[in-house]
Structures are given as C-alpha cells and as structure tokens.
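Everything quoted here is computed from the prediction, not taken from an experiment. Only heavy atoms go into these numbers, but all of them, side chains included; no hydrogens, no water, no symmetry mates. Here is how names work: the chains are called A, B, and so on, in the same order as the sequence lines, proteins then strands, and each is numbered from 1.
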Amino acid sequence: MQIEMRGIDKSFGGNAVLKSAGFLLDHGEIHALMGENGAGKSTLMKILTGVYTKDAGTVIVNGQEVCYKNPQEAEKAGIVFIHQELNVLFDLTVEENMFLGKEIRSRLGVCDKKAMRAEVSKVLDRLGVKIAPDQKMSELSVGQQQMIEIAKALMVDAQVLIMDEPTAALTQSETEVLFQVVKNLRKKGVSIVYISHRMEEIFELCDRITILRDGSYIDTKRIADTDMNDVVKMMIGREIGERYPARDCRIGKTIFQVKGLTCPGVFKDVSFEVHEGEVLGVAGLMGAGRTEIMQAIFGNMPHVTGTILLDGKEIQNKDPREAMKNGIGFITEDRKVEGLMLEESIRKNIALANLGRISKNGVIQKKAEQDLVQEGIRELHIKCFNQEHECNNLSGGNQQKVVFAKWIYTEPKVLILDEPTRGVDIGAKKEIYTIINELAAKGVAIIMVSSELPEVLGMSDRIMVVREGLVRGVLNKEEANQENIMILATGGSL
Amino acid sequence: MNNKKAVNRLQDFGALIALILLVIVIGAVSPDFRTVSNFLSLLRQSSINGFIAFGMTCVILTGGIDLSVGSTLALSTALCAGLIKSGVPAGPAMLLALLIGTALGMVSGVLVTKGRLQPFIATLVTMTVYRGLTMIYMDGKPISGLGDSFVLKFVGKGKLFGIPVPVILFIIIFAVFMFLLEKTVFGRRVYSTGSNWKAAKLAGVNIDRTKLAVYAISGGMAALSGLILLSRLGSAQPNLGDGYELDAIAAVALGGTSMNGGRGRIWGTFVGVLIIAVLNNGLNILGVSSYYQEVVKGIVILIAVLSDRKR
C-alpha cells in the first residue's frame, strides 16, 4: 500500500500543530517518522487514521484521495495504529482481547470459542511467537502484549502498521523479537511507520526516515544516506554539539554507602557506594531489579534488610518521608504515575516536596511559595505561561524539569534518578544532562538508572551493572563500553 | 485559549449561577419564599447538611467517600442524650459527643488505611454497625426529656443579633474549612492525596495520616450536625440522620468536586448545600408533593453535574 500525505494543516484552539506537514510511505518499507516531542508525529498519524480531522491538505492511499472518519474506517482500509499505551484488557484472555468487538458468533449468537481460538493460534504462528490463546493478558510480559497488538492488526489484514514507540517498555531480547517480526512483515509487503526516539534502533531497522519539526515537513532520506548527527540537526534545526555536556567533576569523599541490601525474591546483597559529586550509572536489562533497589533505598518497598550509611552514619529509611529527611531525593521512572499531579499546576507540584520550607506553623506562605516556584521555572528553563500552567499541557521534557525542580529545592545530598530522560526529546535531554552536571558540581551524589546505554556511558563516572537482582560488576569510566555492559547485563563475565 | 478560559470560569461559577436562578425563579413565583425570616430558616436548615458536606468534601478530595456520616450522627447524638439523661451536664456531654463522632470517623479511617479496605466498603461497614449500635443502645426507642439546659437549647434554637446560632456556626465553619483547604499544608496534602497518591507519598506526604484525619473530621462534623438536631428536636431518635450521607454527597457533587478526588472547592460545596436547601424549602412552599420533590432534586443534580463536565 502506498500513502501520500501532503500539505496537512491542523490546529487546536488557534494553536497550529501541523503546518503543511506530510510524508510518503511506500509499499513494503519500514519508514521512520522522527521529530522532537510536539513536532506533530502523532498528530499526523492520528489524522491519517481518522482520529482527528485535518484542516487542510490531502491524503492519498493507493492513488485515491481518502478521508477516514474514524479509526474503524482506517482499519477496514488496512491501516492500523498501535499506540504507545497498549490497548489491553488485562483481565481477559489473549483470545478475548484479540476478538474484542468482533467476536465470531455461532448461529445462536453465542461466541464460537473454538473458531476464535483456532484463528488466534494461526495468526500467532504466523508471527512466530509462542503464546497460548487462553492465557490471561496480565500474565504476559509487555513484549508479549505488544505482539498481541500486532497480531490483532494482522487479523484484520493490515497493510500499513503505525507503531508509536513500540520498544519503550521492552527488554533487549524482546526488542530483537519485535524487530524480527517487523522485518518479516516487510517481506510480506506490509508497510510500517515507525515512530521512535531511539536513534540506534532507527538506524538498525528502518529503510527511510522522514523528519518533522514544529509541525512542518523537513526532509525524507534513505537511512543509508544519512547519519545520526544529520538527523539530530534536522530535528532541532541547529547543531546540538556534544550530546553529553562536559562536567567539571571534582569527586569528593564517599558520602553514601549501601551494604547487603536484600529483598527476598527481588534483589540480594546489593552493596555499593557513591562519592560526593559523582554520577553512578546503573545499567541492566528491564526487570533486572534496578528500580526496585532504588525504591528500597528510598523506603518505598516492604521487607527490605541491609544497611544504608550517609556520611558514615547509619540511616533508616522506613518510608519516603524519612528518606527525604535523611537527605535523599528520588526522581522516579514514570513521571506520570509517580512523579506529578498531572492535573495540577506547576506551582502545586513543585511545592509538594517543599511544603515544610514554604510554610509557617502549617500555613502556606504564598510569597515564599511563589518565589520558590519562580526560581525553579527560571533556573531550569521550564517553558510555560506561568506558575499556574497545568502539567498535563507541558511537553515531556518540561514535565521532567518540573519534577527536577520539585526535588532540587529539598537540597538532597544523594539524588536518585530513575530513567531521567525517558520520553524526553533531544533538546530537553541535553538540558537535563546539564542540570545533572550542575548538581554533581555542587557535590550532590547522583545515582542514575538508565536503560539507554549511550546515556549511561556519556554521563557516568562509574557504572554498576545489575542482573537478576545481583550486582554483577562496577566498571570505571575507562573500562566501560557498550559491550562490557551488555556482557555483564546478559549473564556473561568479563 | 482565552475562550477556553472564559468557559472554564463560567463553569467555575456554574453552581452559583444555578443557585441564583433558582432563588430568582422561586422568589418570583412565591412571595412567602422571598422573606428574610424564610431565608434565615432556610440557612438554618441547610447548616445540618452543610457541616456534614464540608467534612464529606475533605474525604472526597482524598479520593474516598464516607457513607457512615448518618449513622455516626445518630450514635453520637444518642450517646450524648444518654449522658445528659444520666445527669452529665449538657456542655461536657456535647463536647464528648463531638469527640465520639471524631473517634467513630477515625475507625473508618483506620479501616481504609491500615485495613486497606476501599472507602466505599469500609464506611458501608461502619454505617451499618453504628446504626445497629444506636438501635441497641436506645433499644429502638427515642431518648427525650433532656431538661432545659441553656447550652443545649442555644446551639440549635438560640439567636445572636437576630441570626440563628446554627447559621453563625455554619458560616464560621465554612471559613475554617476554606482556610484549612486553601491555605494550609494540611489542605495541600488532602488535594495531593486525591490527585496522585503515589507522587504525594514519594514527595514525603504521609498518606495514611492524611486519610485518617479527613475521616476523623467527617465524623466530628456529623456529630456537630447531630447536636444541632438534638437541640432543635429536644430528643434523640434511633433513625436520626438516616440517608443524610446522600444529601451531603449530592451537595459535594453539585459544588463541582470530582468524585475521583484531587479536584474541587469548599465554596462549591457551600453553594451545593444552599441549592439543595433552596430546592427543599422552595418546593415545600410551592406545595409540590414530596414525591415529586425527590424527582426534581435528582434532575437538578444531573443537570448541574452534566454542565460541570470539563473538556
């Protein structure tokens, strides 16, 4: 199937999101769609699949102008959008999920389980994945759930698959399986639109790449004819320079020590130390226990034993409140779930971790609060109308900066960052790296969990690798490289 | 953008506009409605629901609900009447009743926090048990003949500068809640608990203690309502306060507070309480049968909540 989108305009309430955007999708290709957050990738795809209606422009599918009124119509035409947040009902089985809304019915109107099960097995076989049709969705890994979404699309005989950040929650091996499936689909003539922030993946997987910036079409190139720097330049419209800004690093004395931290069945005997002004990277596969270790340090996990020392003195972090009092800060991996009150203002979010500082006898001092928040907005360059700006309406990068602001003013001695740049565009990523560097320069000890190896390598002074709940090694900057880390993370030894 | 803001602002005042319209319409039809004495008695009637609704607002803002308020009211009032009857002076007995109400609310809070029960279930349990305990304590019969203590009469029947004491209390407590929710750290904790408890917990908010506090407040407010009723009726009834939780929840919903927690304003509840009171009072004066009144009330709530649906 060939799709051409030309001169697409779309605005929401006077706010132009797409300005003459477009792209051209060929039969049987994997086409990357790239751009910073807010560049209009998702909006463009939502217009193609009938979620939104365009203000102007044309959409041509196989030589005919079309305008789908809703996603169902697009699906009938063979165009399926697999959203980043999977559309999954966890309490139902695989088969029930796949046939949701289009159940095969026998003559009496009763669901024909047998026929549906057979169909599901057939499609899953075609994908080459081993999942039983009667398994509950909640029992599957995220990667497997993703496969079910793809299987769903194949069941309706999709000719075009649009995938939005499909690997965001996948482990390395799951990602490999996904890539294999996607490549097989291409062989069968299915076209794939691949939206991702992960540059490495795009260069590994895609045939061509189209770049959008500020809602406008910039360029389309064959992957072979371009490189990462070129793509970044097109995405942000200028040279970004070093992806990881240099840091004035003065590593001081050991300030934070963890000894024999254990949580039965999750992680065991975790010991490490961090120095003042140091960034300790924590690498490992998804599910290795990194997040759990950090949650435990912050007092947000039950049944944890072991010792935590700050400045040589043992501290007890029974709950997050005590951890904060002890001088620890924690920026969680999912800002939408654990980091922000999305429907609240920037002001109330930043204030939340600093209530003690801005209040007297339990009464909030308006002036103190406003000053603090204003300082945060200024220092961290949060782009917003004012303090009352609702966090929902901020870009991922700016949301993350709000979370940083919230924690910086608690003046932590140790700051734990869990995936600090997930879902953040390249420009904002660099700003966040700069913030991290400035904190380290002030002597804050930083523990940074990240699944992006280039980020871990670019930012850390030392790198701790975790696999299956055990620390498998700590690498110095000099000895750390992508291979070493992957070997430790996947079960080899150096 | 400006347009959207204007619409939002309009919705902020939606309940208030509805209230004003109701007053104008009923006032235009009925001369009996638009008298000062009727307004004062309307306000006095609304205070009963008002106290409960203020407490309920706090609970709902944390993402919970308190179904037990009616039973809490009955039990604390019954115990108060029992104490007075057995010779305890009215003043201390009433203070004790407030503490009892607070403690009863706290039990719901413990079930929600330590027991990890859903608020609906937890307070359904306490609602049923408290009502049962009230029946047992009173043996199903009213307690009357409470003597003529000044304090007891003053709370419900007294006047200051011509204004009924319950109305004065209503206004004062409204102001206190306004201050508590808008200006204090406690208020922030209440909102953040309902808005995103995970984020709040990680930011150092003691979620359990906050929840415990709002259920305690709710219980205390229910007891206060009960005292006003006790004073006005001169006796405690075993079925006192039956169904009051629904009027309180209706007032909170009318005021635009989200049942999911995290969003809402106490003054919205204030307006919601008044709307319900005006409806009750106005429809009575207009001679609408009580069967129809219920239907009208339901429809008004529906309209208000529909028009309040943002985005």
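For the pair B:Glu182/B:Trp267, no side-chain contact is recorded, criterion being any heavy-atom separation below 4.5 Å from C-beta on.
Of the two parts of A:Lys325, neither the backbone nor the side chain holds a non-hydrogen atom closer than 4.5 Å to a non-hydrogen atom of chain B. At a 4.5 Å heavy-atom cutoff, the contact between A:Leu340 and chain B is made by backbone atoms alone. Heavy atoms of A:Thr332 lying under 4.5 Å from chain B belong exclusively to its side chain. With a 4.5 angstrom heavy-atom cutoff, A:Val403 does not touch chain B via any of its atoms. Contacts of A:Met341 with chain B are made by both backbone and side-chain atoms, with heavy-atom separations under 4.5 Å.
If you check the side chains of B:Thr269 and B:Thr57, you find a donor sitting under 3.5 Å from an acceptor. Inspection of the A:Ser138 and A:Asp91 side chains reveals no N or O donor paired with an N or O acceptor under 3.5 Å. Using a 3.5 Å distance cut-off with no hydrogens or angles, the side chains of B:Lys201 and A:Asn300 do pair a donor with an acceptor. There is no side-chain donor-acceptor pair under 3.5 Å between A:Ser345 and A:Gln387. A side-chain N or O of B:Ser218 and one of B:Asp66 form a donor-acceptor pair less than 3.5 Å apart.
Atom NZ of B:Lys297 has more than 12 heavy atoms from other residues, nucleotides or ligands within 6.0 Å. Few gaps surround CZ on A:Arg357; more than 12 heavy atoms of other groups in view lie less than 6.0 Å from it.
Chain B is approached within less than 4.5 Å, heavy atom to heavy atom, by A:Gln295 from residues 289-297 of chain A, ordered by number. Along residues 95-105 of chain B, no residue comes nearer than 4.5 angstrom to chain A, judged on non-hydrogen atoms. Below 4.5 Å, heavy atoms of chain A meet no heavy atom from residues 46-56 of chain B. Scanning residues 361-372 of chain A against chain B with a 4.5 Å heavy-atom cutoff picks out A:Gly362, A:Val363, A:Ile364, A:Glu369, ordered by number.
A cation-pi arrangement is absent between A:Lys413 and A:Phe256 under the rule of less than 6.0 angstrom and at most 45 degrees off the ring axis.
Chain A forms the most heavy-atom pairs under 4.5 Å with one residue out of B:Val205, B:Leu202, B:Leu180, and that residue is B:Leu202. Looking only at heavy-atom pairs under 4.5 Å with chain A, the residue among B:Lys183, B:Arg188, B:Lys198 that has the most is B:Arg188.
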Begin with the C-alpha distance, continue with both residues' side-chain angles, and end with the deciding distance and a verdict on side chain to side chain contact (heavy atoms under 4.5 Å, CB included) for A:Met324 and A:Thr410. CA-CA 8 Å; A:Met324 276 175 77; A:Thr410 65; 4.2 Å; yes
When you look at A:Gln399 and A:Val424, which way does the side chain to side chain contact (heavy atoms under 4.5 Å, CB included) test go after all the steps? CA-CA 9 Å; A:Gln399 285 181 349; A:Val424 167; over 6 Å; no
Quick one, B:Phe270 with B:Phe170, criterion ring pair (Phe, Tyr, Trp, His ring centres under 6.0 Å). Give me CA distance, side-chain angles, the key distance, then yes/no. CA-CA 9 Å; B:Phe270 185 71; B:Phe170 186 31; 5.2 Å; yes
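Under 4.0 Å is where a charged nitrogen must lie from a carboxylate oxygen, and between B:Lys114 and B:Asp208 at least one such pair does.
Contact between A:Ala405 and A:Gly376 at its shortest, heavy atoms only, is CB-CA, 4.4 Å.
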